[in-house]
Amino acid sequence: MAEFANIIVDISLEKLDRTFQYRIPERLQDVLAPGMQVRIPFGSRGVTGYVIELTDTAEFDLSRIREIKSIVPNSVAIEGQMIALAAWMRKNYGGTMNHALKTVLPVKAKRRAVEQKTVRLALSDVEAKNQLGEYQRKHNVARARLLEALLLERELEWHVVTHKLNVSGSVVKALEEAGIVQTLSKRSYRNPVAHLEKKEYRLTLNDAQRQVVDTVMADYDRQIYRTYLLKGVTGSGKTEVYMELIARVIAQGRQAIVLIPEIALTYQTVMRFYNRFGEKVSIINSKLSAGEKFDQFERAKAGGLSVVIGPRSALFVPFPNLGLIIIDEEHETSYKSENTPRYHARETAVERARMAHASVVLGSATPSMEASYRAKAGEYRLLTLDKRVGERQLPVCEVVDLRDEMRAGNRSIISRRLATLMEERLLKGQQTMLFINRRGIAGFVSCRACGHVIKCPHCDVSLSQHAGGRMMCHYCGYEEPEHAVCPSCGSRYIGGFRAGTEKIEMMVKSRFPSARVLRMDVDTTRKKDSYEEILSAFANQEADILVGTQMIVKGHDFPHVTLVGILAADMSLHVSDYHAAERTFQLLTQAAGRAGRGQEPGEVVIQTYDPKHYSIVTACGQDYEAFYQQEIAYRKMMSYPPVWNMLVICCAASKEQTAADGALQLADVVRAFGEAAGGLYLIGPADASIAKIKDLYRKVIYIKHEKYQILVMIKDKLEQYIRAHGLFETITVQFDFNPMNIG
Ligand code: ADP
Ligand code: ZN
Ligand code: ZN
């Protein structure tokens with residue numbers, strides 16, 4: 001029972017770290033909790049504030065700490081709920097309360113952004129060209145200049161029009177009155193879908209989809225709010241299911257949040273939601289400024305929105321009566337935050353839903369091990385859609401052994417079989433996607449003749465290549481010298497795999513000179529909108545072949561793609577991370593799912609050096625269950641999540657010795673705790689996989705225990721220790737529970 005409460009007086013004051021400490025009167029000691037609104041004396045006045053956290057440590061002279069007067073009755077303010085959620089996040093993921101609050105409460109911008117105006121063409125291209133001709137005949141130079149520019153750009157910023165093009169405001173006004181252009185202020189711009197043309201919505205769910213909706217709603221209508229795992233193959237109509245559920249929930253006056261990985265937040269997806277829900281939908285993405293985000297949150301709080309779609313952070317939209325949270329592509333790693341607190345959106349969504357009495361639907365074609373494990377344990381309810389909509393078949397898949405290609409003298413990255421199938425597609429005017437698995441390209445070493453990968457003898461993860469010819473394990477620190485020949489077959493073709501998308505694009509172009517090739521990777525998508533542009537060019541059949549990284553496996557439907565080639569399927573298998581097989585299975589299944597989404601059936605070719613690996617065999621057979629069984633057995637054997645739980649502690653300091661000493665001290669604390677608690681594994685300290693970032697040396701400790709709460713206790717203990725010994729002055733310590741990426 002805590003003696004004091006830290007209280008924030010006004011959260012709109014953008015001073016989240018400005019808390020005041022009050023004494024908790026005895027009568028409130030059993031009931032007071034973070035998030036509650038309380039009345040307190042403040043100067044000579046009485047005000048209300050929110051309880052941020054409870055503590056036993058007095059921060060001031062005891063005589064100066066005043067007492068809380070009372071709890072505000074029936075205070076259901078959404079802020080309270082969000083603060084309670086922040087407290088939960090702090091507890092379960094570590095970091096300070098201030099970190100957690102800044103994550104859930106968007107801070108109001110100091111100054112409103114200047115109103116930004118744009119000028120947009122209101123005519124079709126043909127009409128605009130006619131109009132342009134007329135202006136040119138009449139020598140209306142300013143008007144012609146504006147129209148010419150708008151024909152190229154469609155929408156121009158106001159200052160570009162008035163300063164660069166030298167078109168005056170009165171000319172723009174005249175054109176606006178004639179219905180030729182439209183001026184928009186940034187405000188209307190803020191709703192990113194407002195200007196789109198809405199289509200009539202009609203689509204009837206099929207039996208399987210209806211069954212899923214009915215199951216969730218039967219619980220919901222009886223006020224049973226739980227978490228569902230919707231496992232539906234690609235193209236099985238999950239998005240339609242989400243939209244139907246949302247429609248039912250908002251018909252009852254409640255609101256819904258839809259989480260989508262940022263990369264899948266494409267025009268196509270947004271349009272589907274807009275067509276159904278119109279102005280009630282809003283989008284949040286990482287391009288919004290803090291002020292814009294704040295505005296969206298205010299609109300949501302005031303009841304101006306019913307549905308918000310966005311990445312991870314959209315989870316914190318302060319809907320006053322949230323009824324449903326959907327997490328699409330639930331297995332995506334982007335749902336885990338990389339910053340303190342390193343929360344996972346899935347677990348945090350479940351907690352938020354618990355507080356709000358809302359349901360959660362997690363959707364995926366390839367659920368995470370975590371979600372499946374919980375579904376099997378009965379914690380989540382499993383729902384399935386195992387057929388594609390409209391009798392469409394899942395693609396036919398085959399595996400090509402790249403070692404055979406090598407033996408047959410084919411050194412190209414494209415196997416003979418894949419080349420033949422690509423040739424066929426070109427003749428038929430169908431499209432091909434070539435997917436190069438670049439995940440985890442960093443570091444590992446393998447043999448191109450036999451496929452052997454150099455691994456740690458203790459941890460069963462691949463060793464990473466380091467400067468100076470060393471091979472290292474990032475879990476335990478084991479190292480050995482680099483190999484000149486393959487230890488398994490003696491071949492000299494051993495080394496790191498380095499074939500970028502650009503090189504592959506060139507190879508494809510020279511192999512198929514008549515083909516039109518597009519490439520998509522971080523380099524070609526750096527510019528704003530270029531991601532959309534490449535995808536829509538491909539969707540419009542302006543190219544025959546699309547070469548890309550994992551970026552191309554998400555989102556878009558390409559009905560003319562009938563062949564998917566996966567170039568180096570086992571690349572992602574050898575990352576030094578226990579998720580490697582899971583990521584590989586997911587990537588291959590998602591990539592294969594891109595084929596045959598239209599009328600024509602699809603084919604998939606998986607090229608690999610490791611054709612017998614279970615993640616490749618099961619992905620080829622589209623057999624999730626078989627994959628799960630093998631993978632969970634491995635996790636069980638190695639005591640990895642989700643069977644056990646893992647906490648990674650990263651110590652960073654500007655001097656290597658300081659980081660190492662700090663890590664050793666913390667490891668001792670953990671060890672002492674472990675001896676008392678029992679059942680604890682401690683590995684390390686060792687160098688992090690990136691041993692130095694921005695001049696900070698990083699050491700990591702891995703702890704495994706069956707129970708998550710034991711790890712939380714260890715984190716608490718370490719935070720206490722760090723505070724008591726003033727360690728934070730020299731090292732930065734970060735906690736990561738059940739990490740998505742190791743190291
Ligand atoms: P998923 O999200 O599982 O990949 P989608 O919801 O995107 O699946 O559905 C795949 C395609 O099938 C989409 O083009 C969608 O419009 C269409 N579709 C989904 N449900 C139906 C239905 N009941 N009737 C007709 N078409 C549907
Ligand atoms: Zn070999
Ligand atoms: Zn090791």
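Just so you know, these numbers come straight off a predicted model, no measurement behind them. First listed ligand is number 1; within each ligand, the first listed atom is number 1. Only this structure's heavy atoms are used, side chains among them; waters, hydrogens and symmetry mates stay out. Numbers here are sequence positions counted from 1.
Close approach of ligand 1 to Thr204 is summarised as follows: ligand atoms under 4.0 Å from at least one heavy atom of the residue are 22 (C), 23 (N), 24 (N). The ligand atoms of ligand 1 that sit less than 4.0 angstrom from a heavy atom of Asn206 are 23 (N).
Note on ligand 1: Ser236 sits in its first shell, one or more heavy atoms being nearer than 4.0 Å. Residue contacts with ligand 1 include Gly235, since one of its heavy atoms falls under 4.0 Å from the ligand.
Contact annotation for Asp328 and ligand 1: no heavy atom of the residue comes within less than 4.0 Å of the ligand. Residue contacts with ligand 1, taken as heavy atom pairs separated by less than 4.0 Å, involve Arg272 solely via side-chain atoms from C-beta onward. Only the side chain of Val389 comes within contact range of ligand 1, with a heavy atom under 4.0 Å; no backbone atom does.
Between Phe585 and Phe627, the ring planes lie parallel to each other; the angle is under 30°, not in the 30° to 60° tilted range.
Heavy-atom contacts from other residues, nucleotides or ligands closer than 6.0 Å to CZ of Arg492 number 12 or fewer.
Here the angle at the Zn ion (ligand 2) defined by SG in Cys489 and SG in Cys450 stands at 110°, rounded to 10 degrees.
Checking side-chain atoms of Arg425 against main-chain N and O of Thr432 turns up no donor-acceptor pair under 3.5 Å. Of the possible donor and acceptor atoms, one in the side chain of Arg388 sits under 3.5 Å from a partner among the backbone N and O of Gln393.
A search for side-chain contact (heavy atoms from CB on, under 4.5 Å) contacts involving Arg381 returns Thr215, Asp219, Arg226, Tyr228, not counting sequence neighbours. Partners of Lys376 according to the salt bridge (charged side-chain N to carboxylate O under 4.0 Å, His left out) rule, which considers only residues two or more places apart in sequence or in another chain, are Glu625.
One of the N, O or S atoms belonging to Cys447 lies under 2.8 Å away from the Zn ion (ligand 2).
In terms of protein heavy-atom proximity, atom 9 (O) of ligand 1 is closest to Gly237 CA, 3.5 Å. Protein heavy atom closest to atom 19 (C) of ligand 1, with residue, atom name and distance, is Glu240 CG, 3.3 Å.
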Exercise for review: In sequence, state the C-alpha distance, the side-chain angles, and the governing distance for Ser368 and Glu330, and then conclude on side chain to side chain donor-acceptor pair (under 3.5 Å).
Suggested key: CA-CA 7 Å; Ser368 61; Glu330 143 309 300; 2.5 Å; yes

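Checked against a 3.5 angstrom limit, the closest N/O atoms of Leu203 and ligand 1 fall outside it. For a threshold of 3.5 Å applied to N or O pairs, the pair formed by Lys238 and ligand 1 contains at least one separation below that value.
For the pair Arg583 and Tyr578, the cation-pi test (distance below 6.0 Å, angle within 45°) is failed.
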